[in-house]
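Below: the structure, in C-alpha cells.
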Amino acid sequence: MSGRPAGPTVREAVMRKRRAVATVAGFVLVSGLATACGGTASGSAGGAFDPAHCQGGTLTVLAHAGQGKFDPAELYTSGGGRVPTLVFRTLTTRDHTAQGPASAKVVPDLATDTGEPSQDATVWTYHLKPGLKFEDGTPIKAADIKYGIERSFAPELPGGPPYLRDWLVGGATYQGPFKGAELPSIETPDDSTLVFHLTKPEGDFPFLATATQFAPVPKDKDTGTDYQKHPISSGPYKVVSNDSGKSIVLERNPYWSRSVDDQRLACPDRIVYTSGLDPAVVNQRLVASSGDDARAVSGDVDIDASVLARLNGDPGLKSRVATGYFGDTNYLAFNPNVKPFDNPAVRQAISYAVDRQAVINAVGGSAVAKPATTFLPDQPAFGYTPYDYFPGGPNGDPDKAKQLLAQAGYPNGLTITLSHSVAGSGNGPAVAAAVQQALAKAGITVKLDGSSSDDDYQTKTQTPATEPGFFLAGWGADWPSGGPFLAPIFDGRQILPEGNFNSAQLNDPQVNAAIDAANRLTDPAQAEAAWGALDAQLGKQAWTVPLYHPVYKRLIGKDVKNAYVSDWTGVYDLSRISVK
C-alpha cells in the first residue's frame with residue numbers, strides 16, 4: 001500500500017489479531033505429527049445436500065478463541081464465513097456459493113455490484129439492492145452504512161482494521177459521529193447510493209468493503225459501547241443472547257429471506273456458539289459426535305495428531321474432515337542491517353541449504369503444510385507466480401550453499417544465531433531445530449535464541465532497533481490479494497519504529513512505485529499479474545526464505561451437511577451449513 005499505517009497502536013492491534021489466528025492453527029501444527037496422510041479428497045464434508053430442503057435444527061459451533069466484541073465497528077473480520085457474517089451483511093462479501101479458489105472472489109452483498117471506480121480508482125460508488133431490511137422491519141438505507149462506517153472511527157470503539165483511516169479523505173483525523181461530526185468523504189446522495197472519496201488509488205476497495213465496518217447501523221438504535229449486546233441484524237440471524245462473546249445464541253431474522261440474499265442459505269433455525277474450549281476437547285467431542293455434538297462444527301480448531309492418525313483407517317471419520325486454505329506463509333526473515341546478512345550470497349546460501357521437508361515434518365507433515373518457494377501463497381487470488389531461484393529440492397543443497405559461502409568469504413563456514421518463539425507455533429523450537437540441522441550440513445553453525453514469551457518475540461522482531469539478524473516469521477493477509485500480503489512486508493513507507501513487519505527494512509523506490517502501480521489496478525486479473533511479477537522480482541534478492549504454506553483440516557459432527565472450508569478465511573462457511 002502506498003499509505004503509511006495510522007501508527008504503532010493500530011498496527012499492534014492488527015498484529016494481535018493475526019497472532020490470535022496463528023495461535024489456534026499453530027497449536028495443532030506443532031503438536032508433533034509425523035505422518036503424512038490426508039483428509040477428504042475434496043474440500044467439503046457432510047454428504048448429500050439439498051438447499052431446497054435444508055431448513056431446521058440447531059447448529060453448534062465449538063471454538064477455542066472467544067468471539068470477543070460483537071460490535072461491527074470493533075470486529076476485525078473480512079470476507080464472511082464466520083459468525084459475524086450471519087448477523088452483519090456488508091456492501092460486498094466473498095463468494096459463499098463457491099468452494100476452493102473461487103471462494104476467494106469478492107462479490108456483491110448489500111450492493112448491486114462490487115463497486116464502480118473512477119478512472120483513477122480514487123472514487124468508488126455503490127448502489128444498494130432493493131428490499132433490504134433490518135431485523136425490526138425498518139428499510140436499510142445508505143445513511144445507515146455511512147453511519148456504521150463513521151462510528152468505527154470513534155475512540156470508544158477500537159479494534160477494526162486500519163485501512164479506512166488511511167484510505168478515506170479526512171479519515172486520519174476523524175473521531176467518529178458521537179459528537180455530531182460527519183465524514184464528508186462518504187456521500188449519500190440518495191437512500192440507495194454511497195460515494196467514497198479516497199486519498200489515493202485503491203483497486204482493492206471492494207475487498208475492504210467486505211469488512212464488518214461496512215455493515216449498516218441504524219443511528220437511532222445505536223447504544224455506543226453497549227451496542228454489541230444487541231446489534232441490529234441485517235443478516236439472516238439476530239442475536240438473542242451474548243455472554244461477552246464467550247457464548248452467543250442466534251435465531252432467525254424474520255425480515256431476511258433468500259430473495260434478498262443470494263449468498264447465504266441460513267439452513268439452521270438456531271445457532272449456538274461456544275468458546276473457551278481446549279482444542280483437544282473440541283476434537284474429542286466432534287469425533288464422538290454424540291447428542292448435540294452430532295450437529296456441531298469446529299469454529300477455529302484444526303484436527304490434531306490423534307485424529308489425523310485415525311483418518312486412513314476410519315472412512316466415516318475421514319468423510320467428516322474438510323480441507324481448506326488461508327493465505328499464509330511461514331518464512332525465515334533476514335535483517336540486512338546485521339552482518340553477515342547484508343551479504344546477498346549469505347542469504348542465498350541459506351536459501352539453498354534449507355530442508356523444507358524437515359520443516360514440514362516439524363509442523364505436522366504434508367497433510368498440514370505445503371512447501372513454499374514463493375512469498376505469495378499458492379492461490380490464484382494473490383497473484384501466485386511460481387518461481388524457485390535457489391532450488392535445493394525438498395531436502396536442500398548443502399554443496400551449493402558451501403560454494404556460495406566460499407565466494408562470500410566464508411570457505412570454512414560461519415556461525416549465526418536464529419531467533420524463534422517458544423510458543424507452540426510455526427515460529428517455535430521444532431522449526432528452529434529443523435533449520436539448525438539443515439544449515440549444519442552446509443557448514444553453518446546455528447545458535448538458537450528462544451524468546452521468553454510469544455509477546456516478547458513479537459515485540460523484539462517487530463521493532464527495528466531490536467530486530468535480530470535472522471528469525472522465524474509468518475504473514476497472513478487480511479484479504480486474498482497481493483496488496484495486503486506484499487506491501488506490509490516490502491513497502492519502505494511502512495517501516496515503523498514499533499509494530500514493523502518490513503523485516504528487511506527495505507525502502508526501494510522502484511519497489512514502492514511497483515506497489516503504487518498495482519494498487520491502482522481495478523481489474524482483478526491485471527492486479528494479480530502485477531503482484532505476481534513483483535513477488536518474483538523480490539524473490540531474486542532473497543530478502544526472506546519462504547518455508548511453507550499451512551493447510552487447514554477441520555472436523556464436523558455426523559449430522560452436519562454442506563460443510564466446506566473457505567479459501568478466504570480458512571474456516572467453515574457457517575452461512576451454508578445444514579443439520580439433520
Review point. Excluding sequence neighbours, so at least two apart, what forms salt bridge (charged side-chain N to carboxylate O under 4.0 Å, His left out) with Asp535?
Key: none

Revision key, fill the gap. Across all chains, not counting sequence neighbours, the salt bridge (charged side-chain N to carboxylate O under 4.0 Å, His left out) partners of Lys133 are none

Check your understanding: Could you give all pairs that pass the ring-ring contact (aromatic ring centres under 6.0 Å, His included) test and reach residues 82-106, with sequence neighbours left out?
Key -> Phe70-Phe88

**Study point:** Pair listing, ring-ring contact (aromatic ring centres under 6.0 Å, His included) test, anchored in residues 212-261, at least two apart
**Key:** Phe196-Phe214, Phe205-Phe214

Decide whether [X] and [Y] meet the rule of one side-chain donor and one side-chain acceptor closer than 3.5 Å.
X: Thr569; Y: Arg82; value: no
X: Asp478; Y: Tyr163; value: yes
X: Asp491; Y: Asn502; value: no

Counting only N and O atoms by type, is there a donor-acceptor contact under 3.5 Å from the side chain of [X] to the main-chain atoms of [Y]?
X: Asp300; Y: His64; value: yes
X: Tyr147; Y: Pro177; value: no
X: Asp71; Y: Pro231; value: no
X: Ser103; Y: Asp567; value: yes
X: Thr92; Y: Thr210; value: yes
X: His549; Y: Asp328; value: yes
X: Thr90; Y: Thr93; value: no
X: Tyr126; Y: Thr114; value: yes
X: Asp261; Y: Gly235; value: no
X: Arg252; Y: Ala266; value: yes

Point to revise | Within 6.0 angstrom of Asp292 CG, more than 12 heavy atoms from elsewhere | key: no

Practice item. Verify side chain to side chain contact (heavy atoms under 4.5 Å, CB included) between Leu250 and Val87, making sure each step is shown before the conclusion. Key: CA-CA 8 Å; Leu250 308 178; Val87 177; 3.9 Å; yes

Are any non-hydrogen side-chain atoms of [X] and [Y] less than 4.5 angstrom apart?
X: Ile556; Y: Leu286; result: no
X: Asn330; Y: Leu472; result: no
X: Asp243; Y: Ile248; result: no

Study note, to complete from the structure: Interatomic distance, CG@Leu164 vs CD@Glu150, rounded to 0.5 Å, equals 11.0 Å

Point to revise | Spacing of OG1 belonging to Thr461 relative to CG belonging to Asn427, to within rounding of 0.5 Å | key: 8.0 Å

Study note, to complete from the structure: Contacts satisfying salt bridge (charged side-chain N to carboxylate O under 4.0 Å, His left out) that involve residues 101-126 (not counting sequence neighbours) are Arg89-Asp109, Asp109-Arg264

Exercise for review: Please lay out, stage by stage, how Leu486 and Leu376 fare under the test side chain to side chain contact (heavy atoms under 4.5 Å, CB included).
Suggested key: CA-CA 8 Å; Leu486 293 183; Leu376 284 177; 3.8 Å; yes

**Study point:** Partners passing side-chain contact (heavy atoms from CB on, under 4.5 Å) against Ala333 (at least two apart in sequence or in another chain)
**Key:** Tyr331, Phe471, Ala473, Ser503

Point to revise | Pair Glu74 + Lys69: basic N to acidic O under 4.0 Å | key: yes

